[in-house]
Structure formats: structure tokens, C-alpha cells
Asker: 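There's a structure below that I have some questions on.
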Amino acid sequence: MLKFSGFAAAAAIFFLAGSVYGIAQNHEEANYDEDKIPPYILPEALTDNDGRTVSNVKDWENRRRGELLDMFAEEIYGRLPDAGIDVSYNIMEDRADALGGKATRSQVELVFSNGGIERKALMLIYLPKSEKEVPVFLHFNFQGNQTVSVDPDIIPSQYSKRPRGNQTNRWPVEKIVDAGYGLATIHYYDFYLDRKENFTESIMPLFGYNDFQDVPDNGGMAISAWAWGYSRAMDYLETASGVDASRVIVAGHSRLGKAALWAGAQDTRFAMVISNDSGCGGAALSMRRIGETVNEITKVFPHWFCRNFLKYRWNEDSLPVDQHELLALVAPRPLYVASAEEDRWADPRGEFLSAFYASEVYGLYGYEGLQSEEMPAVNSPVTGRVGYHIRTGIHDVTDYDWDCFIRFADKWLTVKTGVTTLSANYMREYPDFTAELGNQALMGTPVEIIDSKGYWKKVRTPEPYTAWCVDLGVREMDENELGKYIASEKLICTADYGTVYSKPSSESPKICDIVAGDLLLDSGKTEKRFHKVLLPSGETGYVNKNDVENFGRWAARGNPSADNIIAAAENFIGVPYFWGGTSIKGVDCSGLTRMAWFMNGILLPRNASRQALAGFPVEVDADTLHFPPEDAGSFTGDLFREEMIRRTRFLQKGDLIFFGDRHVSHVGIYIGDGRFIHASKVVRISSLIPGEPDYYELSGRFTKARRIIGSGPEEGVVKISDSPAYFPQD
Ligand code: GTR
């Protein structure tokens with residue numbers, strides 16, 4: 001797809017050489033005439049640097065996305081080194097009586113230090129009072145936290161003397177809170193005081209730069225520093241109580257719109273990204289050279305972009321990327337771009353086109369972005385997964401903008417709830433049957449429904465695990481219904497497999513299968529050898545009494561012994577290995593360990609890397625922690641055998657043992673005498689000790705162990721009976 005501006009005549013290019021390229025620009029003298037835009041060819045978001053077409057999500061995520069991020073970092077915004085900066089938080093205030101009692105207000109100092117240098121950023125957070133965690137707009141401010149509201153208790157930001165409430169016109173705090181959203185803000189000066197001369201007061205010395213000149217040509221400057229700040233604010237929000245960290249919206253106006261986009265492109269923890277009037281170096285296409293240009297912006301703000309960006313002054317054609325590709329990096333997360341009619345300096349049409357061209361990447365994920373190349377009329381927002389509006393008025397953030405942001409967030413980030421309906425609900429990484437399987441959710445599991453696309457629903461299980469399943473796999477319930485469901489009497493399937501029949505007879509038509517761990521609502525009635533049950537789908541059926549137990553009594557048993565865990569795991573012996581499997585139908589390595597505990601009433605995290613952080617560490621006494629299989633040749637003798645026996649010295653039955661070099665890649669359950677049970681090709685028992693007949697050939701990678709038995713919620717190990725997802729907690 002090649003994109004040309006409407007104008008390509010040679011004579012006019014000649015004319016432009018005099019009018020646009022020659023004259024020093026400012027707001028008045030800039031070119032605003034579409035007809036004077038020189039022809040340009042935008043780089044293709046979906047063609048990689050080797051010229052290959054990117055036609056699926058996998059290639060986009062594994063190849064092209066990284067390539068684009070690299071080019072934006074290298075040529076436009078610059079990189080910040082990985083400097084090992086320490087972070088701590090001082091809670092300056094945490095009160096429940098803000099905004100006349102409808103919100104909480106907290107003020108937190110984020111303290112960054114490195115090599116004796118310290119910098120602080122002060123975050124102000126309002127959250128609506130709610131029993132549930134709330135989504136939050138993270139939106140930095142221009143004039144200091146105290147200018148956001150007349151609230152007398154806001155601590156003034158360190159670099160601002162502006163009066164309290166000075167910018168309330170841009171910050172409708174009550175409107176945001178009333179709509180059910182939190183607001184988190186920091187004065188952007190806390191990360192980079194917005195002048196070249198103030199380099200040393202910025203966070204840059206934390207990265208080892210003492211002077212502007214120390215920064216390499218591809219080094220990050222102010223926009224990267226603000227984007228870094230957005231991510232550090234996110235780090236805090238991930239820990240803050242009351243905040244739903246999976247629904248944090250990164251937003252910014254103007255130069256902070258540029259920073260919010262750069263933050264949202266790099267940091268996929270942000271669930272949604274908003275650019276307000278971000279213009280050149282933000283949402284607007286640089287190659288259009290209309291309004292503010294690369295030349296102008298880098299001249300007036302030499303401290304915003306990396307020095308490499310200077311190469312593109314009057315040379316936009318040689319940019320390896322344009323800003324539609326920055327917007328595309330937000331995909332598949334919802335993206336909103338806002339423009340203002342009189343903000344011609346920011347090139348509203350360039351902002352719109354950029355969002356339109358980014359939409360093809362949303363298409364890869366099956367989402368509709370912007371459908372038409374025609375700009376919508378003023379004050380008429382369009383809201384696909386990419387949203388856009390142009391409002392009347394000047395460069396600003398208005399109530400109208402906030403109304404649109406809130407409506408867009410309502411559309412895409414409202415959490416619905418439901419319960420899984422299939423014996424094993426296959427959860428995929430994106431809404432397509434060819435997508436990788438990540439997990440299986442057992443029947444009757446309460447989930448949050450966070451997105452939907454066609455007949456796919458994106459759900460989050462209590463583990464939590466977030467992925468896509470088919471719509472028939474989930475029955476939507478509102479909060480009340482779900483509360484009732486959780487409080488109702490249930491039966492748990494304790495047989496490996498069972499059947500739900502339509503009548504109390506195994507000769508009657510079958511409704512569905514059930515597997516170990518599935519939950520069914522108990523009607524309280526029995527007929528012959530059958531319990532009458534209600535399926536989460538609402539249907540009535542009958543299950544064999546031998547296949548189920550009362551869920552409440554089953555879960556109350558608690559505290560399993562190592563033998564209980566091993567017995568549950570051994571029950572899976574011979575089940576084929578299945579990537580993403582978490583049921584008797586098939587298990588991957590961490591699916592087996594999770595099920596061994598689940599069937600004993602305990603919730604472990606889903607993935608091996610997370611399980612490796614659960615419980616208590618167990619010492620693995622090793623001479624060397626690294627025996628990659630390719631080196632095994634030199635360790636096959638007694639030396640290796642002795643080494644492996646030593647490594648198992650402190651292990652106890654039931655310990656989780658982990659394999660991997662730098663990353664955990666496999667997990668199993670220790671059963672004593674150097675042996676363990678694990679899912680590798682098939683669920684089986686193997687030995688860690690070389691020379692044994694069932695020796696596991698990758699045993700040399702065993703370097704880590706955790707003791708789950710005896711640990712509790714502090715260690716990431718939760719009893720099903722203590723989980724609000726399964727039982728009401730008072
Ligand atoms: C202008 C600059 C724009 C925009 C704006 C702002 O002077 O030229 O790119 O970022 O400042 O941040 O308010």
C-alpha cells in the first residue's frame with residue numbers, strides 16, 4: 001500500500017523549495033496548505049525491513065513489532081540505558097475522605113536513586129470509592145499537582161509555584177471519579193524540567209549522564225524521560241490497592257501526548273493509550289511537513305528527541321518510520337487520538353491519517369480500527385478499536401475531550417463477569433483457532449470478561465490467566481448473579497472423567513462431559529445413583545454420585561500432605577503432554593503441578609516461572625548450576641552422578657523442582673530418592689540421577705526448588721476455600 005499526498009507536480013515541488021524549505025518557520029509562517037505538501041511515500045507498517053509482508057499476529061509480534069520499536073528508539077526518541085536505578089515509595093498521604101467523601105486521595109513520592117544521585121516524583125491519585133479495583137487514567141500534568149484541583153490538601157509539586165487550582169479547566173476530577181475511574185497524575189517536570197539548561201535537574205544523571213553532551217546520538221532525552229516516568233508510575237500503580245493495574249490508561253496532552261504514545265508503544269502493561277493534540281513527533285505524520293515540522297520542533301526543543309532525529313530536518317522522506325507505525329505499536333490495545341480544529345500547528349489531518357493507517361495492524365488482530373480515510377465531521381467521534389475525534393476549538397484539553405475518553409474507555413475497558421461452561425475451556429493467546437493455547441479453564445470457574453471479538457471472548461481467570469475462548473465457553477453473569485453463583489452449593493468432579501446426562505440414567509442422552517476439578521451447581525436433589533445438577537449454561541442434568549463430592553466440604557479439608565500431592569500427580573501418569581493443557585485432557589509441565597495442588601484444594605500460579613516464585617526456596621547444593629545438555633558429555637561419569645545426588649540433598653517429597661538456564665523452562669514434583677513426576681512428552685516419573693534407568697536427559701538443568709507444602713498466601717499459595725473467586729469471604 002503506497003500512500004501519496006494528492007499533489008505531485010514537479011513545478012510545485014520547485015515552488016516549495018522556496019516557500020517551505022527556505023523560510024524559518026513559526027506558527028504563522030508554517031505551511032497549512034494541503035496542496036503544498038510534497039509527495040511522500042509512507043513506510044509500510046506491515047512490510048518488514050527485509051521487504052517481507054507481515055500477514056499474521058505471530059510475525060507482527062515476533063518480528064515486525066520489535067523492528068519498529070528499535071527504529072523509533074534509535075532514530076526518534078532515543079534509548080535510556082538499563083542503569084539499575086533503585087526505586088522506593090514514600091506514601092505521603094492516604095485518605096478516604098476526598099472530594100466530599102466520594103473518593104480516596106493518596107500522594108506518593110516515587111524515589112529513584114543510583115550511585116548517590118536521587119530524584120523524586122510526586123504522584124497524586126484519586127480513586128472513586130468502590131469495593132472493586134478501578135481502572136485509572138494516568139495523565140501527567142504541565143503545571144504541578146496543585147494546579148489540577150482546588151483541593152487544599154494537594155502537596156505542591158517541587159518545581160512549580162503555580163497557584164492551586166490553576167488548571168482545573170483541564171482536569172474534571174469529579175467527572176472522572178463519578179464515571180468510576182481513578183486519576184493519577186505527576187508534574188512532568190519531576191522527570192525532566194522542560195528546558196535544555198535544566199538537564200542536570202532531570203532524571204538523566206540517574207542514567208550516568210551529567211551533561212547534555214554526554215548523551216549519545218541515539219540516547220533518550222526529555223520525551224523518553226517522560227515516557228520512562230509513565231512506566232515508573234505504572235510500576236507503582238501495579239502495587240497500589242484499589243487500582244486495577246490491568247486497566248491503566250496512559251494519556252497525555254501535546255508534548256505529553258507524544259510521551260504517552262511512546263510509553264504506550266513500549267510498555268504493554270498500559271491497557272489503553274490516549275493522545276490529545278500530540279502533533280509533530282506524536283500522532284501526526286512527519287512526512288506531511290504541514291504545521292510543525294521536524295526542523296521546527298528540533299530547533300525549538302533540542303532536548304526532546306534524540307540527536308539522530310536531526311538527520312531528518314527537511315529530509316523526512318528518509319525517515320525509516322513514520323508516526324502511524326508508532327500508533328500501530330499500541331495494537332491490539334484500544335487507542336484514542338484526539339485533535340482540535342484550530343490546532344493546525346499539530347496537523348489534525350495528519351493525526352487522523354496516522355490513526356487510519358495504524359488501523360491495518362488492528363485488522364491483523366481481527367479488530368476494526370478506523371474504517372474510512374475521510375475525516376469525521378467535527379465533534380463526531382468514531383470509535384472502533386482505534387478511536388478519533390476532532391473537536392471545535394484550540395489546542396487544549398477540554399471537558400468534551402474527557403467525555404470522549406471516558407466513553408471510549410467504557411466501551412473497551414468495562415469488565416463483565418461470567419462463569420466457564422465447558423469441561424475444559426480452551427484459552428488461546430488471540431481470537432483465532434490457530435492461536436497458541438495458553439491455558440484451560442475448568443468448568444464453573446468465575447472469570448472476568450474483558451473483551452470480545454466476533455464469537456471470541458477475552459477472559460481473565462482467578463489465577464490470573466488472560467486469554468481468548470469461544471463465546472459458548474462462558475456464560476455472562478452480572479455482579480449479583482455471580483455473587484449468588486459463588487455462594488451456591490456446588491459439586492466438584494473428583495473422578496478423572498464423568499458425564500452429565502439429561503435424565504438420571506447413563507442410557508439417557510448425554511449433555512456434556514466433565515473432568516476432574518469441574519464445578520456444577522447442586523440442586524440438592526438426588527435420584528437413584530445420580531445428583532441433579534445445574535450446568536453453568538443454565539441446563540439441568542444428572543451426574544453419577546461416584547464422580548462428584550460436595551465442593552464446600554471437599555475444599556475445607558485443606559492442608560494436603562506430600563503424599564496427597566504426589567498421589568494427585570500420579571493420577572495423571574500416562575496423560576499426553578499438551579502445551580497449554582491444565583486438565584486431565586492433557587497437561588503441560590506447570591499444568592500438571594497446578595492440577596496436583598488444585599485437586600488438593602490449593603491454587604498455585606499457572607506458569608512455571610510464577611510457580612518458581614511461590615512457596616519457600618529450598619537449597620539446591622550444586623557445584624555448578626549450569627549443566628546444559630550439550631555439555632553433558634563431560635559430566636556423564638561419576639562426577640555428574642555425585643553432583644546430581646548432592647543437588648537433591650535438601651529436597652523433600654512434594655517440593656517443586658525447576659529446570660532451565662537463565663529462565664525456568666520446566667517444572668516437576670519431587671517424589672524422593674532422586675526421582676520426580678513431570679509432564680514431558682507424557683506424564684511420567686523420571687530420575688535426576690545419571691545412570692538410573694529412567695534418568696531424565698535434561699536433569700543437568702535442575703537448579704532451583706521451592707517448598708509449597710507449609711506455605712501460604714504470603715508465598716503465593718492460596719487455599720481454594722480462601723479464594724473469593726470460589727467461596728464468599730467475609
Ligand atoms: C508546542 C510544540 C508542540 C506541542 C506543544 C505543547 O510549542 O511545538 O509540538 O508539543 O508545544 O506541548 O504544548
Side-chain angles (χ1 to χ4, degrees), residues 25-34 37 137 139-144 147-148 160 162 166-172 175 185 187-189 192 194-195 222-223 226-227 230 250-264 273-286 288-301 303-305 323 326-327 335-355 375-381 387-406 408:
Q25 291 206 4
N26 58 37
H27 288 232
E28 286 72 44
E29 289 174 10
N31 173 46
Y32 294 114
D33 185 347
E34 288 282 328
I37 295 174
F137 284 98
H139 196 311
F140 285 179
N141 67 76
F142 278 88
Q143 295 196 350
T147 65
V148 160
S160 167
R162 303 273 191 164
N166 203 41
Q167 284 218 311
T168 47
N169 56 316
R170 285 191 176 179
W171 297 93
K175 179 200 289 280
T185 187
H187 184 211
Y188 81 130
Y189 274 20
Y192 200 122
D194 194 3
R195 279 185 298 267
I223 292 179
W226 298 322
Y230 273 121
V250 64
H253 167 62
S254 205
R255 65 199 69 182
L256 292 177
K258 309 181 210 294
L261 285 170
W262 182 221
V273 181
I274 297 177
S275 146
N276 193 70
D277 304 355
S278 63
C280 180
L285 294 171
S286 299
R288 279 168 50 84
R289 285 156 279 196
I290 193 163
E292 188 174 30
T293 60
V294 174
N295 178 57
E296 188 68 19
I297 202 166
T298 52
K299 230 170 39 191
V300 181
F301 305 105
H303 59 292
W304 280 6
F305 300 88
Q323 301 304 108
L326 180 72
L327 303 190
L335 163 74
Y336 199 87
V337 175
S339 307
E341 200 179 17
E342 290 170 46
D343 186 18
R344 295 190 308 155
W345 184 238
D347 183 18
R349 181 160 173 77
E351 295 180 319
F352 167 77
L353 283 176
S354 187
M375 276 180 87
V378 282
N379 303 331
S380 314
Y388 178 83
H389 75 241
I390 176 165
R391 63 158 167 77
T392 40
I394 58 165
H395 186 75
D396 199 359
V397 195
T398 66
D399 264 30
Y400 177 85
D401 294 321
W402 275 106
D403 284 334
C404 295
F405 302 156
I406 290 169
F408 190 68

Asker: Using only atom types and a distance under 3.5 Å, with no angle test, would you say the side chain of W402 pairs donor to acceptor with the backbone of W171?
Answerer: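 The answer is no, because no donor-acceptor pair under 3.5 Å joins these two groups.
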Asker: State which residue, out of N276, I406, D396, fulfils the side-chain contact (heavy atoms from CB on, under 4.5 Å) condition with D401.
Answerer: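 Running side-chain contact (heavy atoms from CB on, under 4.5 Å) over N276, I406, D396 with D401 returns exactly one hit, N276.
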Asker: NE2 of H389 to OG of S380: how many Å apart, nearest 0.5 Å?
Answerer: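 One finds 10.5 Å between NE2 of H389 and OG of S380.
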Asker: Would you confirm whether E292, through its side chain, and A346, through its main-chain N or O, come within 3.5 Å as a donor-acceptor pair?
Answerer: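 Pair absent, no side-chain N/O of E292 close to backbone of A346.
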Asker: Please walk me through it: do Q323 and S354 pass side-chain hydrogen bond (donor to acceptor under 3.5 Å, both in side chains)?
Answerer: CA-CA 6 Å; Q323 301 304 108; S354 187; over 6 Å; no
Asker: Under a 3.5 Å distance rule, please check whether H187 uses its side chain to pair with a backbone N or O of F142 as donor and acceptor.
Answerer: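 Checked: pair present.
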Asker: What's the spacing between W226 CH2 and W304 CH2 if we round to 0.5 Å?
Answerer: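 Rounded to the nearest 0.5 Å, the CH2-CH2 separation comes to 6.0 Å.
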Asker: So, does E351 use its side chain to make a donor-acceptor pair with the main chain of S278 at under 3.5 Å?
Answerer: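 Side chain of E351 to backbone of S278: a pair is present.
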Asker: Would you say the side-chain atoms of T298 pair up with the backbone N or O of V294, donor to acceptor, closer than 3.5 Å?
Answerer: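 Such a contact is found between T298 side chain and V294 backbone.
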Asker: Test of understanding: with side chain to side chain donor-acceptor pair (under 3.5 Å), list the residues that count as partners of R255, not counting sequence neighbours.
Answerer: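 For R255, the residues satisfying side chain to side chain donor-acceptor pair (under 3.5 Å) (neighbours in sequence not counted) are D194.
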Asker: Among residues at least two apart in sequence or on other chains, which ones pass side chain to side chain donor-acceptor pair (under 3.5 Å) with H139?
Answerer: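 So H139 forms no side chain to side chain donor-acceptor pair (under 3.5 Å) with any residue.
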Asker: Using a 6.0 Å distance limit plus a 45 degree cone around the ring axis, check whether R391 lies over the aromatic ring of Y400.
Answerer: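 Ring-cation test returns no.
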Asker: Step through it carefully: locate the ring centre of F352, locate the ring centre of Y388, and say whether they are under 6.0 Å apart.
Answerer: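 They qualify: ring centres under 6.0 Å apart.
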Asker: I need the I394 CD1 to W345 CH2 distance, nearest 0.5 Å.
Answerer: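 So the CD1 of I394 and the CH2 of W345 are separated by 16.0 Å.
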Asker: Without swapping roles, check the side chain of K258 against the backbone of G279 for a donor-acceptor pair under 3.5 Å.
Answerer: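 Looks like no, no N/O pair under 3.5 Å.
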